[in-house]
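All remarks here apply to the structure that follows.
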Protein chains: 2
Amino acid sequence: METEPARIIQGRCPEALMQLADDSIDLIVTSPPYADRRASTYGGTPPEQYVAWFLPIADQLHRVLKPTGSFILNIKESAVKGERHTYVLELILALRKREQRPWLWTEELVWHKRNCYPGKWPNRFRDSWERLLQFNKQRGYYRNPEFSGASAEGNQEDEQEDEINNGLDGNVLQLATECGNAGHSAAFPEELPAWFIERLTRPSALVLDPFAGSGTTLLAALRLGRNSVGVEPQDKYCQVIRQRLEGETRRLL
Amino acid sequence: METEPARIIQGRCPEALMQLADDSIDLIVTSPPYADRRASTYGGTPPEQYVAWFLPIADQLHRVLKPTGSFILNIKESAVKGERHTYVLELILALRKREQRPWLWTEELVWHKRNCYPGKWPNRFRDSWERLLQFNKQRGYYRNPEFSGASAEGNQEDEQEDEINNGLDGNVLQLATECGNAGHSAAFPEELPAWFIERLTRPSALVLDPFAGSGTTLLAALRLGRNSVGVEPQDKYCQVIRQRLEGETRRLL
DNA sequence: CTGCACTATGAATCGCTAA
DNA sequence: GTTAGCGATTCATAGTGCA
């Protein structure tokens, strides 16, 4: 089997994931289409059907993940008729109770978006955070010892971060969203997958994003010396991913 | 009926709440004992029984809350055997489906604790946030128009807050925890109830904390010119509350 | 090459109107 | 009744252009 730094599978989950071997992935970081969002590209799964839609994908992710691997799921329920949807809560409960392939709900981290969407409403605060759900196959998952404590370097940015995070890694990440990045409407900042890649894998690990989009997870993996696999149905975005990866590869030479 | 700025009911929920009239409370802000915590004072409800324990209390809170009132529940599930408990998720779902007294799950805010408990675990990030669940009886709840947007004044403190909170109110609150405050183990900072009292009530409103503890919610209400009711079973803490309230009253004169 | 002004836009939400 | 579509609201970034 050829080892390439980054592999793109053009296809749809869960079918496309069947190309991957059991217990072969060290880390999954992904942001699936949220319920009723991105309808033009993903079909816009209604909230009521979201759990049923996601479970077969979760089973495949469980199969390909190493026992010591981690699965990070970025998601946020929207507000409808003044109330938050409950499908994310129901998804967490359903993943834990999966008969053949049950997940452990290890942790819930918070992505605090400094530059959240504008707006002012009489009955609602501005939505400025998203969930980062961590799931594992077993209790003893891998953590990189170099990133289990305080920042290694003490540059200005780190010091500012230390002031916020008190020196140790907390479960709140303060990162800005990307604006008009890579022509994709739902890209998270590269720092987000990078944060988890650094802490939850060792160098030359294999990272998977089953909803690759513009390929931010793959790019972060490449930059950190990890191998990666991305699944993306649209030809347009597969090309975007290749271009971004090639650009980074040229920069590294 | 005598109107007093702050009333302390020594007793236990839900029984003690039966002294309060229907539709009489403008805002409930509380931090109940978390599952398996504070066993000596509250009996330490096991996670499996937490929902069943809380539902009768929630019914009473629903009864006494005005239709336009809000209920803010500060809670965080603990981690056991490497996994987060799911009782908070189950509580949200159960409160919405309550037959006689269903709650709307309006919003979930995040309390980002900037100086959270120090420590370093091999398998876990530092726990630096808690949930602030907002529930309402109806979609149209009261919001104070003075606090629906940017800060009115531009003094130094406000500017600093603006820098953190992005000018407009988002649903992430960055507040420090109280350290050894008032001899109570589970005190939240006064800024926390104050933030909600300012935004969700008008002056001379009536604020309730059914798990008053050391009385931080009542103190915040007093300082903001609101009336308050607290329920607390222990004589020791009832005295602490009275002392703090008297101290603040003397300061106001 | 730096710095400042200006512009475009994003996982949003609400309320109204039309069908 | 109920749903579907559109306009208004609103601001931190990134990018562009020019002095």
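To find a chain, count down the sequence lines: A is the first, B the second, and so on, and within it residues start at 1.
Residue pairs meeting the salt bridge (Lys or Arg N to Asp or Glu O under 4.0 Å) criterion with at least one partner in residues 63-75 of chain B, sequence neighbours excluded, are Asp22(B)-Arg63(B), Asp26(B)-Lys66(B).
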Check the interface with nucleotides 15-19 of chain C: list each N/O to N/O pair with the protein under 3.5 Å, or write none.
| unit_1 | atom_1 | unit_2 | atom_2 | d |
| --- | --- | --- | --- | --- |
| dG15(C) | OP2 | Arg139(B) | NH2 | 3.3 |

Between protein and nucleic acid, restricted to nucleotides 3-10 of chain D and to nitrogen or oxygen atoms under 3.5 Å apart, what atom pairs and distances do you find?
none

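Per the geometry, CH2 belonging to Trp111(A) stands 13 Å off C1' belonging to dA12(D), to the nearest Å. One can place CD of Glu191(A) at 13 Å from C1' of dA14(D), the figure rounded to the nearest angstrom. Separating the CG atom of Asn171(B) from the P atom of dT13(C) is a distance of 10 Å, rounded to the nearest angstrom. Between the CZ atom of Phe188(A) and the P atom of dA14(D) there is a distance of 17 Å, rounded to whole Å. The nearest whole Å value for the distance from the CG atom in Leu175(A) to the C1' atom in dG10(C) is 17 Å. The separation between Asn115(A) atom CG and dA8(C) atom P is 19 Å, rounded to whole Å. Arg143(B) places its CZ atom 12 Å from the C1' atom of dT13(C), with the value rounded to the nearest Å. The distance from atom CD of Glu178(A) to atom P of dG15(D) is 8 Å, rounded to the nearest whole Å.
Aromatic pair Trp103(A)/Phe54(A): centroids not less than 6.0 angstrom apart.
Note: Phe188(A) and Trp111(A) have perpendicular aromatic rings, judged against thresholds of 30 and 60 degrees for the angle between ring planes.
Qualifying side-chain hydrogen bond (donor to acceptor under 3.5 Å, both in side chains) partners for Glu248(A), counting only residues two or more places apart in sequence or in other chains: Arg223(A), Arg251(A). Remark: Glu77(B) pairs with Arg131(B) by the side-chain hydrogen bond (donor to acceptor under 3.5 Å, both in side chains) rule, at least two apart or across chains.
Arg139(B) has no carboxylate O lying under 4.0 Å from a charged side-chain N of Glu83(A), or vice versa, which leaves the two without a salt bridge. Here Glu108(A) does not pair with Arg84(B) in a salt bridge; the nearest charged N to carboxylate O distance is not below 4.0 Å. A salt bridge links Asp127(B) to Lys76(B): at least one charged side-chain nitrogen sits closer than 4.0 Å to a carboxylate oxygen.
For the 3.5 Å distance criterion, the side chains of Gln134(B) and Asn136(B) qualify, holding a donor opposite an acceptor. Remark: the Arg244(A) side chain and the Ser214(A) side chain contain an N/O donor-acceptor pair separated by less than 3.5 Å.
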### Message
Pair Trp105(B), Phe71(B) - check ring-ring contact (aromatic ring centres under 6.0 Å, His included), show working.
### Response
CA-CA 10 Å; Trp105(B) 181 37; Phe71(B) 168 30; over 10 Å; no

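Arg124(A) has no side-chain polar atom (N or O) that falls below the 4.0 Å cut-off from OP1 or OP2 of dA12(C).
Taking a pair as Watson-Crick or G-U wobble with both distances under 3.5 Å, DNA chain D forms stems of 3 or more consecutive pairs at C:2-10 with D:11-19, C:12-19 with D:2-9.
Each of Glu130(A) and Gly82(A) lies near DNA chain C, and the nucleotide nearest Glu130(A) is the one positioned closer to the 5' end.
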